[in-house]
Amino acid sequence: MIVMKFGGTSVESAQAIERVAGIVKDRIACRPVVVVSAMGKTTNKLLAIAAAAVAGHRDTALAQLEDLRQFHHLETAGLGVDAQIEAHFQELTELVKGLAVMGEMTPRATDAVSAFGERLSSIIVNAKFRQLGIESVHVDARSVMITDHRHAQAAPLFAESYGRLAATIPALAATNVVVMGGFIGSTEDGVTTTLGRGGSDFTASIVGAGIGADEIQIWTDVDGMLTADPTVLPGGYRVKHCSFAEAAELAYFGAKVLHPATVLPAIEKNIPVRILNSRRPQVEGTLITAEAPKSSTPIRSIACKKNITLVNIVSTRMLMAHGFLRRIFEIFDRYETSVDMLATSEVSVSLTIDNTGNLADIRREIEEFADFAAEGDQAIVCMVGDNIRTVPGVAARAFIALKDIRVRMISEGASQLNISLVVAASDLGRAVESLHREFFSNPDPAAFE
Ligand code: ADP
Ligand code: ASP
Ligand code: MG
C-alpha cells in the first residue's frame, strides 16, 4: 500500500481532479490510499464565511456561501453527487445562520465549519474516480482519525487512530482505492475536529503509519522540496533527497510544502516520504528517508518564516538572577505562545514568536520584573543541512554573504543541523538571495537538480 495525498491546488477543479485520477490509475498496483485536501482555497473561504457571520455580516456570509456552493456544483457537473453536495451545503447554511445569531465563534463551531472542505472534496474525488473507472471507496476520515479536544489544532490520539486505521483500511485497499479527507478528525465522542492549517499532510503520514504503508506521497504544486521558498526566491533547485531530520527542521522553519508534524509518524515506522508535483508527475520529486546521501553542498535548503516578532527582555536587576529564565518561559507557556529562537546574554534574553495573540498579557506580566520590548515585521531565515555539523566554515560563509544586511539575532548549534538568523522582513528577499547565491551557485548535481 501507498498513501497519496493531494493538496488543495491538486484538486482545485474538475480538470485537476481528472489529472489526479490519471496519476492514481498509473499506480493502482501499489494499492493507493488517497488523502485529499479541500478544493483550492475552500478552507480559507469557509473561515472567512464564519468570520463574516459572527461579525454580524449575515448577508455577506450567505452570499459567499452561495458562491462556494455554486463552485462545488459547477466543478462536479455530471458526477452524480448533486444531492450529497446539496445536503452538505444545507447543513453548512444552518450552521452559518446559527453563528450569525450567536455572534460568537466557538472553537468547536470553527472546526465544524472548516471541516466541510475536506468532507466535500473527498466525496467528489471518490465519485470522479468511479466515473473514470477506478474502483474506489470513500471513508469518512472522522471515523478513523481520533484526536483530543483541542479544536483547530487537535492532537491525534495515535494508538486509537492507528488501531482503527489498521482495522479498516487495508481490507478495503485490497480491492479498492480508498479515498478520504485530510485535515479532519473527531474526538472519541464523535465531535468534529481539525489538525491545524496544512494538516492534510499530517493525516497522510498518520494513515501511512497506521496501515504500514510502503511510501507516503505528498502531491503538491511544486517539484519537491526546493532550495529556497519559491514565494521568496523563485528559481531554486529541487532537493533530490533529504533526511527526516532535515525535512522536519525545514517544515518547522516555514517550508510550507510539508506540515511540520508530517515526518513524525513516518520516522516512527521508518516509511519513506516523497514530495511530488501533480502537474508534472514525471519529475522524481524529493525523497525523504532516515538518512540522505552526503553531498558536497553543505546545506540542503533555506527556509524562512515571515510575520515574526522579536522580543527583547532585559532584567531590571543588575545580573540575571537565578530563576529569571524559568519565570519568563513559564509566562510564555501559560499563554500557549511558542518560542522559536532564543539567545541570552548576562542580563538579557532575545527570542522570537509568531503568535502575538497574547502579547499584551505576556508583556504586562514580564514587566513586573524586566524591561520588555517587542518589534514586529521580522523574519527568520534558516539554513538546514545534516552536513552543517561536520563541515567547518558554514556560518562564516553565511555571514560574509550577509555582510550588507543587519542580522538581528543568530542561533546555531541547538539542533546541530540548522543555522538561523533574524532579519527585518524588508531584508528577507535580499538575505535569502545572498545566501542562496553563496551556497547554491554550484550545487552538487548528485543532490540537486
Ligand atoms: P498543498 O495545497 O499541496 O498542501 P501548500 O501550499 O501547502 O500546498 O505547499 C506548497 C507550497 O509550499 C509551494 O507552492 C511553495 O510556495 C511553498 N514552499 C515554501 N517553501 C518551500 C520549499 N522550500 N520548497 C518547496 N515549496 C515551498
Ligand atoms: N484544507 C486545509 C487547509 O487549507 C488542510 C490542508 O490543505 O492541508 O489548511
Ligand atoms: Mg499544504
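Both counts, for ligands and for their atoms, begin at 1 and track the order of listing. We count residues from 1, following the sequence as given.
- Listed by number with element, the atoms of ligand 2 under 4.0 Å from a non-hydrogen atom of R197 are 3 (C), 4 (O), 9 (O).
- Here the options are D223, D221, V222, the test is side-chain contact (heavy atoms from CB on, under 4.5 Å), and the partner is R280; only D223 passes.
- Using a non-hydrogen distance threshold of 4.0 Å, G198 registers as a contact of ligand 2.
- Pairing each heavy atom of T9 with each of A16, the nearest pair is O-CB, 4.0 Å.
- For G117, the heavy-atom gap to ligand 2 stays at 4.0 angstrom or more.
- Taking 4.5 Å as the limit, every side-chain heavy atom of E412 sits out of range of all side-chain heavy atoms of V394.
- For the pair I146 and T187, the minimum side-chain heavy-atom distance is 4.5 Å or more.
- Ring planes of F202 and H259: parallel class, angle under 30° (limits at 30 and 60°).
- Side-chain atoms of D354 and N307 include no donor-acceptor pair closer than 3.5 Å.
- For the residue pair T297 and D444, the shortest heavy atom distance occurs at OG1-N, 3.0 Å.
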Q: Could you check V24 against M4 for side chain to side chain contact (heavy atoms under 4.5 Å, CB included), going step by step and ending with a plain yes or no?
A: CA-CA 8 Å; V24 171; M4 304 176 74; 4.1 Å; yes
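- Using the six-membered ring where Trp is involved, H436 and Y237 have ring planes that are parallel, under 30° apart on the 30 and 60° scheme.
- K240 is not listed as a side-chain neighbour of L287, based on a closest heavy-atom distance of 4.5 Å or more.
- Ranking the protein heavy atoms by distance from atom 6 (C) of ligand 2 puts S200 OG, 3.3 Å first.
- Under 4.0 angstrom from ligand 2, there are no non-hydrogen atoms of H259.
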Quick check on ligand 1: any N or O pairs to the protein under 3.5 Å? One line per pair.
{"from": "ligand 1", "atom 1": "2 (O)", "to": "G8", "atom 2": "N", "distance (Å)": "3.1"}
{"from": "ligand 1", "atom 1": "3 (O)", "to": "T220", "atom 2": "OG1", "distance (Å)": "2.7"}
{"from": "ligand 1", "atom 1": "4 (O)", "to": "K5", "atom 2": "NZ", "distance (Å)": "3.0"}
{"from": "ligand 1", "atom 1": "6 (O)", "to": "K256", "atom 2": "NZ", "distance (Å)": "2.8"}
{"from": "ligand 1", "atom 1": "8 (O)", "to": "T220", "atom 2": "OG1", "distance (Å)": "3.2"}
{"from": "ligand 1", "atom 1": "12 (O)", "to": "V257", "atom 2": "N", "distance (Å)": "3.3"}
{"from": "ligand 1", "atom 1": "14 (O)", "to": "D221", "atom 2": "OD1", "distance (Å)": "2.8"}
{"from": "ligand 1", "atom 1": "14 (O)", "to": "D221", "atom 2": "OD2", "distance (Å)": "3.3"}
{"from": "ligand 1", "atom 1": "23 (N)", "to": "L226", "atom 2": "O", "distance (Å)": "3.2"}
{"from": "ligand 1", "atom 1": "24 (N)", "to": "L226", "atom 2": "N", "distance (Å)": "2.9"}

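- Using a 4.0 Å cutoff on heavy atoms, E118 counts as a contact of ligand 2.
- Counting atoms of ligand 2 from 1 in the listed order, those under 4.0 Å from a heavy atom of S37 are 6 (C), 7 (O), 8 (O).
- Looking at ligand 2, you'll find an N or O of T43 within less than 3.5 Å of one of its N or O atoms.
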